[in-house]
Amino acid sequence: MRTRGGRPAGRHARGRRSGSGTAGPGAIRRLAFVGVAISAITFGAPVIRATADPKPSLKELTAQVENLYTEIETLSEQYNGERVRLKAAERSADLAKKNLAKSEAELEVRRQKASALAQHSYMTNGLGNALVLIDSDADPRRYLDQASTTYALELQQSQEVAEVTKAMDAAARARESASARQAEVKKLLSGLDSRRDKITKLIKKTESSLYRQVSQTIGRETRTRTSFPVIGDGKAAQAARWALRQQLKPYVWGAEGPGSFDCSGLVMAAYQSVGISLPHYTGDQWTAGTHIPRDQLRPGDLVFFYSDLHHVGIYIGNGYMIHAPQTGDVVHIAKIAGRPFAGAVRVAD
């Protein structure tokens, strides 16, 4: 059947249906896919929130600062200990050098005497081949072991040749000792540099904006000079009174006066003022006198804290001490109570 326009009626009808607002099956499937994709993007993706890390509380900052100060003082005393060992190693190295020079000089004298003996023997048709040994760096014992002639046996029995052998052995030992001492000094110097760098970095950290305000508030009340009567006339009491006169001078790690101190530096300087020499290191100060119980403390006794003995003060009486506490603080009087007491040492009466 045809219409007036000559077009088949069925085709025309289909054309009207496809042009209407009703979607076909293919369109519906496409729309469904788009919807699922949007849902996946909207709801399937993880939710990212821009949240900042929580700032540490004042309590947490206080603990961090105190830990920094403890670490600095611990490292400082380790540094002081290495300095003491370095001085001892340097003294040993100097002594080893002197011994080496003495041994080599003695060896040369012995060689000259033995050479003169060999020349005399040669002139008298005796020990001429001894010159091969005496005038060279050959090992005399190896030479003698290989020798089988009569003159070699005579040479072996010669006192002068025996003295040369002895002097050569002494010189060899002196060289080894000097080399070992120099290596020890070099190693200690390297350790000091490394520890110094670490302490400097930690101090810079305490001075950062994050910690500066806390450092100024925790345990940093305004220090004042306090008069404290010290009982006794002995050297220990005199050392305690000298330390009291250093009040308000700043703590500086590794310092031993006169303008600043660390804890063991203050102790060393105080006893040096009364003619008693102590090393600048808590570990050695711990062994510098007689250990006494806490209830027998007298002014001038050394009081130590922490299991590793990294802090020391000078007892002044009535439960108080004078000490150089830590970075950022000054020499002042403080109570012993409330601190991790490790023990006490009496250096002098």
Side-chain angles (χ1 to χ4, degrees), residues 69-94 181 184-200 202-203 235-236 238-291 300-316 321-332 334 339 342-348:
Y69 285 139
T70 299
E71 186 174 1
I72 289 170
E73 190 176 11
T74 300
L75 287 170
S76 297
E77 282 308 314
Q78 292 174 1
Y79 175 86
N80 290 337
E82 288 184 354
R83 284 201 304 177
V84 170
R85 288 189 287 273
L86 175 61
K87 289 180 180 178
E90 287 175 337
R91 287 194 295 268
S92 296
D94 288 340
R181 298 291 79 76
E184 183 180 3
V185 168
K186 185 177 180 180
K187 182 178 179 180
L188 286 169
L189 284 172
S190 177
L192 283 173
D193 289 341
S194 175
R195 207 173 299 279
R196 184 188 297 112
D197 291 343
K198 188 170 184 179
I199 294 171
T200 302
L202 287 174
I203 290 176
K235 289 188 174 182
Q238 293 175 37
R241 282 191 282 268
W242 185 93
L244 281 168
R245 293 196 292 272
Q246 312 311 308
Q247 287 183 77
L248 307 187
K249 290 184 177 180
Y251 174 100
V252 175
W253 69 274
E256 52 193 43
S260 58
F261 301 90
D262 65 8
C263 66
S264 57
L266 177 65
V267 169
M268 186 193 77
Y271 271 89
Q272 193 173 54
S273 72
V274 295
I276 296 176
S277 178
L278 292 178
H280 187 174
Y281 172 44
T282 54
D284 286 343
Q285 291 173 357
W286 174 254
T287 60
T290 303
H291 289 263
D301 291 339
L302 309 187
V303 283
F304 293 83
F305 303 90
Y306 302 95
S307 59
D308 62 354
L309 308 175
H310 74 252
H311 188 65
V312 64
I314 300 176
Y315 186 69
I316 56 177
M321 67 176 173
I322 179 76
H323 71 150
Q326 59 194 18
T327 298
D329 213 333
V330 296
V331 176
H332 67 273
R339 300 173 185 272
V345 171
R346 180 163 295 154
V347 176

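Judged purely by atom type and a 3.5 angstrom limit, T287 uses its side chain to pair as donor or acceptor with the backbone of D284. Using a distance-only test at 3.5 Å, with no hydrogens or angles considered, no donor-acceptor pair links the side chain of E82 to the main chain of Y79. Looking only at distances, no side-chain donor or acceptor of T282 sits under 3.5 Å from a matching main-chain atom of V312. One N or O on the side chain of Q285 and one on the backbone of P279 form a donor-acceptor pair closer than 3.5 Å. Checked by atom type and distance alone, the side chain of Q246 pairs as donor or acceptor with a backbone atom of W242 at under 3.5 Å. Panel note: side chain H310, backbone D308; no donor-acceptor pair is recorded below 3.5 Å. Between the S190 side chain and the K187 main chain, no donor and acceptor come within less than 3.5 Å of each other.
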message: Let's go through H280 and S264 carefully: what are the C-alpha distance in whole Å and the side-chain angles of both, what is the deciding distance for side chain to side chain contact (heavy atoms under 4.5 Å, CB included) to 0.1 Å, and is it a yes or a no?
response: CA-CA 6 Å; H280 187 174; S264 57; 3.0 Å; yes

- prompt: Between F261 and V252, does a side chain to side chain contact (heavy atoms under 4.5 Å, CB included) hold up when you go through it step by step?
  reply: CA-CA 5 Å; F261 301 90; V252 175; over 6 Å; no

query: After noting the C-alpha distance and the side-chain angles of Q78 and L75, does the key distance pass the side chain to side chain contact (heavy atoms under 4.5 Å, CB included) rule?
result: CA-CA 5 Å; Q78 292 174 1; L75 287 170; 3.6 Å; yes

- prompt: So T74 and E71, side chain to side chain contact (heavy atoms under 4.5 Å, CB included) or not? Walk me through it.
  reply: CA-CA 5 Å; T74 300; E71 186 174 1; 5.6 Å; no

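Closest non-hydrogen pair, P250 versus G259, comes out as CD-O, 3.4 Å. Across all their heavy atoms, A348 and K235 have their closest contact at CB-CB, 4.4 Å. Across every non-hydrogen atom of H323 and G313, the tightest pair is CB-CA, 3.9 Å. Nearest heavy-atom pair, L309 versus A342, reported as atom, atom and distance to 0.1 Å: CD2-CB, 3.8 Å. Contact record, C263 with A324: CB-O, 3.4 Å, taken as the closest heavy-atom pair. The shortest heavy-atom contact between Y271 and D301 is OH-N, 4.4 Å.
Ion pairing of D193 with R196 is present here, as a side-chain N (NZ or NE/NH1/NH2) and a carboxylate O approach within less than 4.0 Å.
Between I322 atom CD1 and R245 atom CZ the span is 11.5 Å, to the nearest 0.5 Å. Atoms NE2 and OG1, on H311 and T70 in that order, are 10.5 Å from each other to the nearest 0.5 Å. Here the CG-CG distance, from D197 to L192, works out to 11.0 Å after rounding to the nearest 0.5 Å. Here the CG-CG distance, from N80 to L86, works out to 12.5 Å after rounding to the nearest 0.5 Å.
For K198, the NZ atom is loosely surrounded, since the number of other residues' heavy atoms within 6.0 Å does not exceed 12.
Residues passing the ring-ring contact (aromatic ring centres under 6.0 Å, His included) test with F304 are W286, sequence neighbours excluded.
Residues E77 and D262 meet the side-chain proximity criterion, which asks for heavy atoms closer than 4.5 Å. Counting only heavy atoms from C-beta outward, the side chains of L302 and I314 approach each other to under 4.5 Å.
Under the side-chain contact (heavy atoms from CB on, under 4.5 Å) rule, Y251 has a single partner from T327, V331, L266, which is T327.
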